[in-house]
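We number each residue from 1, following the sequence as shown.
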Amino acid sequence: MPAPLTRALLVFCLLLGGTAGAEVWKQVRPGATTEQQVLSRFGEPTRRHSAGGARVLTYDADSAPSGTVRADFHVDERTQRLRRLDVYPSPAPSREAVERMFGPACQGGGRAKKPCHEVRLSATNEPYLHYVARGLAVFFARGELQALTYLPAARARQARIAPVEPPLMQEAPTASPEPRASTNTPADDGLAQATPTTASQAPSETVAVEPIATSPVVPELTVARVEVPSADTGSSSSDLLRPAMMDSGEGAPSPTADSDTTQGPRPLNEPEETQAPRLADPVQPEVLTLGGFYFQRADMVVSQRATDATTAAQPYFPGLVDVYLDFRPQDDIRAYVVGRLVYDPLDPTLSTPRTSLDKLWLYFGLFDSVYVTAGRQHVKWGSSRIWNTTDFLRSPNPDPLGVFDLRQGVDMVKVNVPFESLRANLWGYATATLEDTGVTGALPRARYGGAVRGDIAFGTSELIASASFLERRRPRYGLDYSLGIGRLDLNAEVAFVRDSDTRLWRSTPEGSFVERTVTGTQVQASAGVAAELRMGDLYRTVLRAEGFYNQLGDDDRRLLTWVQSTGDYRALYFGRTYGLGQITVTRRSIYEPSWTLTVLGNLGDPSFLGRLDFGFVRNNVNVAAFVEAPFGARGGEFRFQPDPSVAALPATDLGMFRAGMSLRLRL
């Protein structure tokens, strides 16, 4: 990179690092925290689903973080960073408690020097408090606090005046009357990291919150017993927290309105006569958690026989069980193990159950500034939906439209060094894999490698640079950029390679095939754009288009038969140009039903695949169904039939359509 450009980028990063960051909750900060960091801190979510271009990780019931009955983490599918966090506290604090913690109402048109809030109306005509500088919105329903929504801090004027969409579930779940063992240490049970800390004491995902001038001590909202100094007398009181109650600021409930007052939603400033409950004592955190997931799929493949052109149907009934152990002896140490069992009574290979190790890793922090994860773990690079050209450490997903990614984890040591002031992260990887030497009777040989990756956020955009090094393979380099503009999300990623993971072939004028040698730097690039539309307040529609250019690919149909015979075929990476068009419609309800129509194709064949998906979520149950059918030129990638003049392959049936259902349960 030229020296002037490097200096300009460094100066811009330093200026950006001086701006205010988003509010922090339990070491999680929207706009900076990654999905992997959320999983490392809170474990596996109760359920996952998609909404508005984000993956939503929901933690409720026994998985809810301490001090809450539910928390929804909205992870951007492009950047893999936290876009939004909805927290449903238990017990719910009063409005006065919220103002003492985060700031009072704004005076003089919202231009206060200290953090303050503006009262606005949500799409459901319920008032909410908007702390623009903090990136925090506090939602009420019928006068009672329901949820706290944490967002990246707004900088542009348009972002500051834009309304905040209320959480999908306006009614918070009912808290259990029995105290539940916490998944975090008692010292971390607050709704926010309210106590100011020094830079040397702050954890990697925590920043110091500026104290409010009108309150000598900022209290921490927690379900445990706390002593809160009064702003007037300095006397302590443990009665600050109570479910959605507005106090008078003197430590005692204020009188209610007259009994003949018209019934209806209570204004925010109207007190309620509710006795403060006796707060539970701190409980010991859960050290070991045992759980799992059950995934059952039922598919039917209908095809036309190659021998007699008759129609045949082949059923499949694969089942998968993941069982995990989550061990957290203290806040900065965690061990996680996932074992997998796969069984299909209708498949000759899987009719004998197969077991495997999906994850096994140990996570720990060093000096609150370096975080290490060692062992088998999942890793995904790239902001594209289908073609992640910069995902150097894993093989491409053979079924990217499926609801479950069957790829196992990668054995590695991962080191993360976050730079909070710059909104950046530096990652280092060391990998080791066992590979067959190809010699009969010889033991597998270890193949070592490594990678470095750096990411930095600029407002609503993010830039990522990566490099990968592996034995017996030339270095690979990649750039990944994503940008949000209003309702548009744009992304692009490009990889620069000088070799291939599989053998490459080319045809000769005589009609034979010879191995092709890669010369010079080859480019693999993908780019996409997504637009979010709303139809009233009930439906949300996301339109997405994505394209892929593969300089290593080829559009020769005869070559497709040849690579199938040699075992060098790799789905969705054989051709030179690919495209995807997708539309997703989600209805706002407790079931969150969604419909997705996808068209995916090799533009050089040309052959295509059309697919319609439907799914809904209810508590710990995720139900999905789909139907897909190939179309386009016969003999192409998606309507493949071997050319007998190229290679003597067994006759392959021509696929007509495939349909299936799946059920995912949390155990």
Side-chain angles (χ1 to χ4, degrees), residues 26-28 33-48 55 57-66 68 70-71 73 75 176 179-186 188-189 205 283-296 318-343 353-366 371-380 393-394 404-416 429 431-434 619-622 663-667:
K26 291 185 181 293
Q27 303 183 16
V28 170
T33 302
T34 64
E35 179 179 5
Q36 183 60 41
Q37 290 170 332
V38 172
L39 295 175
S40 298
R41 177 151 183 81
F42 298 101
E44 285 295 322
T46 307
R47 60 183 178 275
R48 305 171 188 244
R55 284 192 302 276
L57 312 181
T58 296
Y59 294 82
D60 58 11
D62 291 338
S63 297
S66 57
T68 73
R70 171 171 166 174
F73 296 82
V75 179
S176 172
R180 179 180 52 82
S182 169
T183 56
N184 303 293
T185 57
D188 191 38
D189 284 346
E205 292 292 340
V283 294
Q284 294 298 322
E286 293 180 357
V287 175
L288 178 63
T289 303
L290 172 66
F293 297 93
Y294 175 78
F295 180 76
Q296 182 65 62
L320 179 146
V321 176
D322 278 352
V323 178
Y324 67 83
L325 294 173
D326 190 356
F327 179 64
R328 285 187 274 194
Q330 58 189 59
D331 194 46
D332 57 349
I333 296 179
R334 183 183 180 196
Y336 195 75
V337 183
V338 179
R340 174 167 294 175
L341 171 69
V342 181
Y343 171 68
R354 287 189 176 183
T355 59
S356 60
L357 181 67
D358 185 45
K359 298 178 187 177
L360 191 155
W361 48 260
L362 174 67
Y363 166 85
F364 58 92
L366 300 174
Y371 300 89
V372 180
T373 309
R376 176 167 294 186
Q377 52 196 292
H378 285 185
V379 60
K380 179 183 180 297
L393 300 184
R394 302 184 78 182
F404 198 89
D405 189 349
L406 293 177
R407 294 178 297 172
Q408 294 183 346
V410 181
D411 297 319
M412 68 174 68
V413 176
K414 178 176 64 179
V415 180
N416 172 223
Y429 302 82
T431 64
T433 56
L434 291 177
N619 295 332
N620 294 328
V621 180
N622 189 320
L663 177 69
R664 188 172 186 264
L665 305 175
R666 181 181 177 91
L667 304 179

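- Shortest non-hydrogen contact noted between V338 and Y324 is CG2-CB, 3.8 Å.
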Practice prompt. Verify side-chain contact (heavy atoms from CB on, under 4.5 Å) between L406 and L320, making sure each step is shown before the conclusion.
Written response: CA-CA 10 Å; L406 293 177; L320 179 146; 3.6 Å; yes
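- Note that CD of E35 and CG of L57 are 5.0 Å apart. Values are rounded to the nearest 0.5 Å.
- Residues V321 and Y294 come closest through the heavy atom pair CG2-CD1, 3.4 Å.
- Between the Q296 side chain and the P318 main chain, a donor and an acceptor come within less than 3.5 Å of each other.
- Between L357 and V337, some side-chain heavy-atom pair lies under the 4.5 Å cut-off.
- Rounding to the nearest 0.5 angstrom, the gap separating the OG1 atom in T46 from the CZ atom in R70 is 9.0 Å.
- Residues Y336 and L39 have side chains not in contact (no heavy-atom distance under 4.5 Å, counting atoms from C-beta outward).
- To the nearest 0.5 Å, the span separating CD on Q377 from NZ on K359 amounts to 9.5 Å.
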Fill in: Stepwise side-chain contact (heavy atoms from CB on, under 4.5 Å) test for L290 and V323
CA-CA 8 Å; L290 172 66; V323 178; 4.0 Å; yes
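- The structure places OG1 of T433 at 8.0 Å from CG of D411, a figure rounded to the nearest 0.5 Å.
- Side chain of R666 to main chain of P45: a donor-acceptor pair is present (N/O by atom type, distance under 3.5 Å, no hydrogens or angles).
- Separation of atoms CZ (R664) and CZ (R48) is listed at 6.5 Å; rounding is to 0.5 Å.
- Closest non-hydrogen pair, D60 versus R47, comes out as OD2-NH1, 3.1 Å.
- The shortest heavy-atom contact between Y371 and G365 is CD2-CA, 3.8 Å.
- D358 pairs in a side chain to side chain donor-acceptor pair (under 3.5 Å) with only one of the listed residues (R376, Q408, H378), which is H378.
- Residues F73 and T33 have side chains not in contact (no heavy-atom distance under 4.5 Å, counting atoms from C-beta outward).
- Proximity of L362 to I333: side-chain heavy atoms (C-beta onward) are separated by under 4.5 Å at one or more points.
- Here F327 contributes atom CZ and L288 contributes atom CG; the two are 7.0 Å apart, rounded to the nearest 0.5 Å.
- Nearest heavy atom pair, residue V410 against residue R394, reads CG2-CG, 3.7 Å.
- Side-chain atoms of T373 and N416, non-hydrogen and from C-beta on, never get closer than 4.5 Å to each other.
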